Amino acid sequence: MSDTALPSVLFVCVHNAGRSQMAAAFLTHLAGDRVQVRSAGSAPADTVNPSVVAAMAEAGIDVSAEVPKALTVDAVQASDVVITMGCGDTCPVFPGKRYLDWQLTDPAGQGVEAVRPIRDEIEQRIRGLIDEIAPAGQS
């Protein structure tokens, strides 16, 4: 189990306060140290959406200490897979990177009730991603 090069994933959405934070938290939680995880936003908010914090807490994952980060060229260059979630054309594209665009509802301005199905869809997508890029004997 000694990986010389871990796969790295960058999640990008506009504010880095909802979808990308949930995706990064699920990937970190479920894959552990088998994957390097980053998240960023093309126009980062000041804080993570409180409804996202509450919905993730229900799933047993604490994102309350996370801080939205600005998307940088370095973050894209350092990642093998870049998953965009509604950041449009603001995400830089580099050859040799794998790009996925996940069409997900934006949780901005939504209550916890509306965030739960978004959270659950993200978790399902993350589980599929892990099976693809970092399979392990752990389910």
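Quick note: residue numbers are just sequence positions, from 1. It should be emphasised that the depicted structure is a prediction, and the values quoted were computed from it without experimental measurement.
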Give a yes or no on whether the backbone of [Y] and the side-chain of [X] come within a donor-acceptor separation of less than 3.5 Å.
X: Q110; Y: V115; result: no
X: Y99; Y: T84; result: no
X: S79; Y: V9; result: no
X: K69; Y: P44; result: no
X: T28; Y: V37; result: no

Got a salt bridge between [X] and [Y], using NZ or NE/NH1/NH2 to carboxylate O under 4.0 Å?
X: E132; Y: R98; result: yes
X: R19; Y: D106; result: yes
X: R127; Y: E123; result: yes

Nearest atoms (heavy-atom pairs only) where [X] meets [Y]:
X: S8; Y: R38; value: CB-NH1, 3.5 Å
X: A59; Y: F26; value: CB-CZ, 4.3 Å
X: V52; Y: M22; value: CG1-CG, 3.5 Å
X: G18; Y: P107; value: CA-CG, 3.9 Å
X: V82; Y: V12; value: CG1-CG2, 4.3 Å
X: H15; Y: A43; value: ND1-O, 3.0 Å

Does L30 share a hydrophobic cluster with I83, counting links as ILVMFWY side-chain heavy atoms below 4.5 Å and allowing steps through other members?
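Result: yes, single cluster for both.
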I'd like to check [X] versus [Y] (side-chain heavy atoms, cut-off strictly below 4.5 Å). Are they in contact?
X: R125; Y: L129; answer: no
X: N16; Y: F11; answer: no
X: D101; Y: M85; answer: no

D62 versus S64, side-chain donor and acceptor atoms under 3.5 Å:
yes
Looking at D80, L71, V81, which one forms a side chain to side chain contact (heavy atoms under 4.5 Å, CB included) with L10?
L71
